[in-house]
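Please read the structure below before turning to the comments.
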Amino acid sequence: MFLKLENLKVHFPVSSGFLFKKELDVIKAVDGVDLEIQKGEILGLVGESGCGKSTLSRSIMQLIRSTGGKVFLDGEELSALSASEIRPRRVDFQMIFQDPYASLNPRMTIFSTLTEAIRTRHPGAQGNDLNQRIKELMLRVGLEPRYIRKYPHEFSGGQRQRIAIARALAPEPKLIIADEPVSALDVSIQSQILNLLKTLRQDLNLTMIFISHDLSVVRYISDRIAVMHEGKLVEIGEANHLFENPQHPYTRKLLAAVPRICLQPAS
Ligand SMILES: Nc1ncnc2c1ncn2[C@@H]1O[C@H](COP(=O)(O)OP(=O)(O)OP(=O)(O)O)[C@@H](O)[C@H]1O
Ligand SMILES: [Mg+2]
């Protein structure tokens with residue numbers, strides 16, 4: 001299995017008091033998650049705000065060390081590695097965030113942004129080879145290479161998200177975690193970006209965890225969907241099957257709140 005989580009837990013101690021801090025309680029942000037994801041799979045992760053989606057992602061990437069349980073990626077147990085052993089593996093994980101404007105450096109051109117990202121994997125990249133890689137990345141995400149010297153503010157929201165996607169692809173990651181990547185975009189732009197991600201998955205065999213509160217978006221992009229509630233996965237299943245046959249009461253409740261919007265592939 002490409003990515004495997006075994007009984008993963010992240011508990012945050014909650015303390016109070018000014019001088020003498022007392023541990024009052026723990027927040028069980030992730031509380032015993034078992035999950036397997038195949039290479040080339042898009043797993044949708046849904047659940048209400050605060051259920052632990054981002055904490056789960058961060059603990060997979062080892063940005064937060066887990067309180068318990070194991071994380072395996074590509075046959076290696078990440079949760080057993082020391083901080084210094086993890087550092088060089090950071091490039092294996094790339095994130096795409098909700099707000100590309102906040103996540104891109106406003107003072108860096110596309111060229112600099114992508115150069116920096118490529119060099120996290122290939123520190124010596126330069127010259128023609130580097131230029132070629134950057135051009136390929138731009139074409140892959142539907143940006144014209146002639147924009148290479150432009151800054152983020154010179155682009156629309158959808159184009160900025162394309163830059164952020166190119167930056168995520170640049171280090172050739174093993175896993176991409178997209179945390180609400182289309183939530184800040186207009187509906188028409190949303191479907192363009194979703195279709196782009198689908199195409200990229202097909203062409204590059206990307207493995208992705210796609211987090212969204214928008215269930216119609218998650219259904220459209222995901223192979224399987226995992227439903228998270230209070231730190232636990234309460235249900236996981238093939239996307240259409242889960243929508244048509246929700247088993248857990250919490251899943252039913254989530255689905256009942258979905259407005260019926262149909263996303264169509266861009267023509
Ligand atoms: N560093 C931290 N210290 C203490 N508590 C935390 C920390 N990070 C997250 N939490 C708590 O863990 C729980 C899960 O938070 P998390 O951000 O993972 O939720 P989420 O599902 O991503 O929510 P959202 O949909 O709003 O992004 C929340 O109760 C949150 O307050
Ligand atoms: Mg979150």
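Position 1 is the first residue of the sequence, and the numbers go up from there.
- Remark: the backbone N or O of Leu169 is not paired with any side-chain donor or acceptor of Gln94 at under 3.5 angstrom.
- Met108 and Ile148 fall into different hydrophobic clusters, where Ile, Leu, Val, Met, Phe, Trp and Tyr side chains are chained together by heavy-atom contacts under 4.5 Å.
- In this structure, the separation between CD1 on Ile42 and CD1 on Ile176 is 9.5 Å, given to the nearest 0.5 Å.
- With hydrogens and angles ignored, the 3.5 Å screen pairs a side-chain donor or acceptor of Thr67 with a backbone N or O of His11.
- Ile225 and Leu242 get closest at one heavy-atom pair: O-CD1, 3.8 Å.
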Just do the salt bridge (charged side-chain N to carboxylate O under 4.0 Å, His left out) check on Arg252 and Glu235 with the steps written out, would you?
CA-CA 11 Å; Arg252 290 197 196 120; Glu235 185 162 356; over 6 Å; no
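- Dense packing is recorded around NZ of Lys174, with more than 12 heavy atoms of other residues, nucleotides or ligands lying under 6.0 Å away.
- Environment of CD in Glu172: crowded, with over 12 heavy atoms of neighbouring residues, nucleotides or ligands closer than 6.0 Å.
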Between His248 and Val227, is the side chain to side chain contact (heavy atoms under 4.5 Å, CB included) condition met? List the steps.
CA-CA 9 Å; His248 195 276; Val227 181; over 6 Å; no
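- Counting heavy atoms from C-beta on, the side chains of Val30 and Ile64 never come closer than 4.5 Å.
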Apply side chain to side chain contact (heavy atoms under 4.5 Å, CB included) to Met228 and Leu233, showing your working.
CA-CA 4 Å; Met228 193 163 185; Leu233 295 189; 3.9 Å; yes
Hey, mind stepping through Met208 and Ile37 against side chain to side chain contact (heavy atoms under 4.5 Å, CB included) and telling me if it holds?
CA-CA 9 Å; Met208 183 156 42; Ile37 301 180; over 6 Å; no
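- Each of Leu43 and Phe72 belongs to its own hydrophobic cluster when Ile, Leu, Val, Met, Phe, Trp and Tyr are linked at side-chain heavy-atom distances under 4.5 angstrom.
- Contact of the Leu104 side chain with the Arg167 side chain is registered, since non-hydrogen atoms from C-beta on lie closer than 4.5 Å.
- In terms of hydrophobic clustering, with Ile, Leu, Val, Met, Phe, Trp and Tyr side chains grouped at heavy-atom distances under 4.5 Å, Val91 and Leu137 are assigned to different clusters.
- Ring pair Phe155/Tyr147 is perpendicular by interplanar angle, where above 60° counts as perpendicular and below 30° as parallel.
- Under a hydrophobic clustering in which Ile, Leu, Val, Met, Phe, Trp and Tyr are joined whenever their side-chain heavy atoms come within less than 4.5 Å, directly or via other members, Leu130 and Ile163 fall into the same cluster.
- Closest approach of Ile118 and Ala125 over heavy atoms only: CG2-CB, 4.0 Å.
- The pair Asp74-Arg89 does not count as a salt bridge, with every side-chain nitrogen at least 4.0 angstrom from each carboxylate oxygen.
- With sequence neighbours excluded, no residue forms a side-chain hydrogen bond (donor to acceptor under 3.5 Å, both in side chains) with Thr55.
- Defined by atom type and a distance below 3.5 Å, a donor-acceptor pair is missing between the side-chain atoms of Ser112 and Thr115.
- Scanning both residues, Phe93 and Leu73, for their nearest heavy atoms gives CZ-CD2, 3.7 Å.
- Counting only distance, with no hydrogens or angles, the side chain of Gln247 and the backbone of Asn245 share a donor-acceptor pair below 3.5 Å.
- Distance check, rounded to the nearest 0.5 Å: CD of Gln159 to CG of Leu143 gives 6.5 Å.
- At least one side-chain heavy atom of Arg119 sits less than 4.5 Å from a side-chain heavy atom of Gln126.
- Counting non-hydrogen atoms of other residues, nucleotides and ligands closer than 6.0 Å to NZ of Lys39 gives a total above 12.
- Aromatic ring pairs are classed by plane angle as parallel below 30°, tilted from 30° to 60° and perpendicular above 60°; the pair His153 and Tyr151 is parallel.
- The backbone N or O of Gly40 sits less than 3.5 Å from a side-chain atom of Arg201, completing a donor-acceptor pair.
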Verdict with reasoning, Leu197 to Ile96, per side chain to side chain contact (heavy atoms under 4.5 Å, CB included):
CA-CA 11 Å; Leu197 290 172; Ile96 303 167; 4.3 Å; yes
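- Here the CD1-OG distance, from Ile211 to Ser57, works out to 3.0 Å after rounding to the nearest 0.5 Å.
- Side-chain contact between Tyr220 and Asp214 is absent, with no heavy-atom pair separated by less than 4.5 Å.
- Within the 3.5 Å criterion, the main-chain N or O of Ile193 finds no donor-acceptor partner in the side chain of Arg162.
- Looking only at side-chain heavy atoms (C-beta outward), Arg140 and Leu204 come within less than 4.5 Å of each other.
- Taking 4.5 Å as the limit, some side-chain heavy atom of Glu180 sits within range of a side-chain heavy atom of His213.
- Looking at heavy atoms from C-beta onward, Ile221 lies out of side-chain contact with Val182 at the 4.5 angstrom threshold.
- In this structure, Gly231 and Val33 approach most closely via the heavy-atom pair O-CG2, 3.6 Å.
- Atom CD of Glu116 has 12 or fewer neighbouring heavy atoms from other residues, nucleotides or ligands inside a 6.0 Å radius.
- Between Gln62 and Leu81, the closest side-chain pair of non-hydrogen atoms is not below 4.5 Å.
- Note on Ile86 and Leu63: same hydrophobic cluster, where clusters join Ile, Leu, Val, Met, Phe, Trp and Tyr whose side-chain heavy atoms are under 4.5 Å apart, directly or indirectly.
- Under the 3.5 Å distance criterion, the side-chain polar atoms of Asp92 are left unmatched by any main-chain donor or acceptor of Pro173.
- Phe111 is linked by a ring pair (Phe, Tyr, Trp, His ring centres under 6.0 Å) to nothing, counting only residues two or more places apart in sequence or in another chain.
- For the residue pair Ser183 and Gln190, the shortest heavy atom distance occurs at CA-NE2, 4.3 Å.
- Of the possible polar contacts, none joining the Asp179 side chain to the Phe97 backbone as a donor-acceptor pair under 3.5 Å is found.
- The two residues Ile27 and Val14 come nearest to each other via the heavy atoms CG1-CG2, 3.5 Å.
- Comment: Arg219 engages Glu244 in a salt bridge, judged by a side-chain N to carboxylate O separation of less than 4.0 angstrom.
- Here salt bridge (Lys or Arg N to Asp or Glu O under 4.0 Å) pairs that include residues 48-70, with residues two or more places apart or in two chains, number zero.
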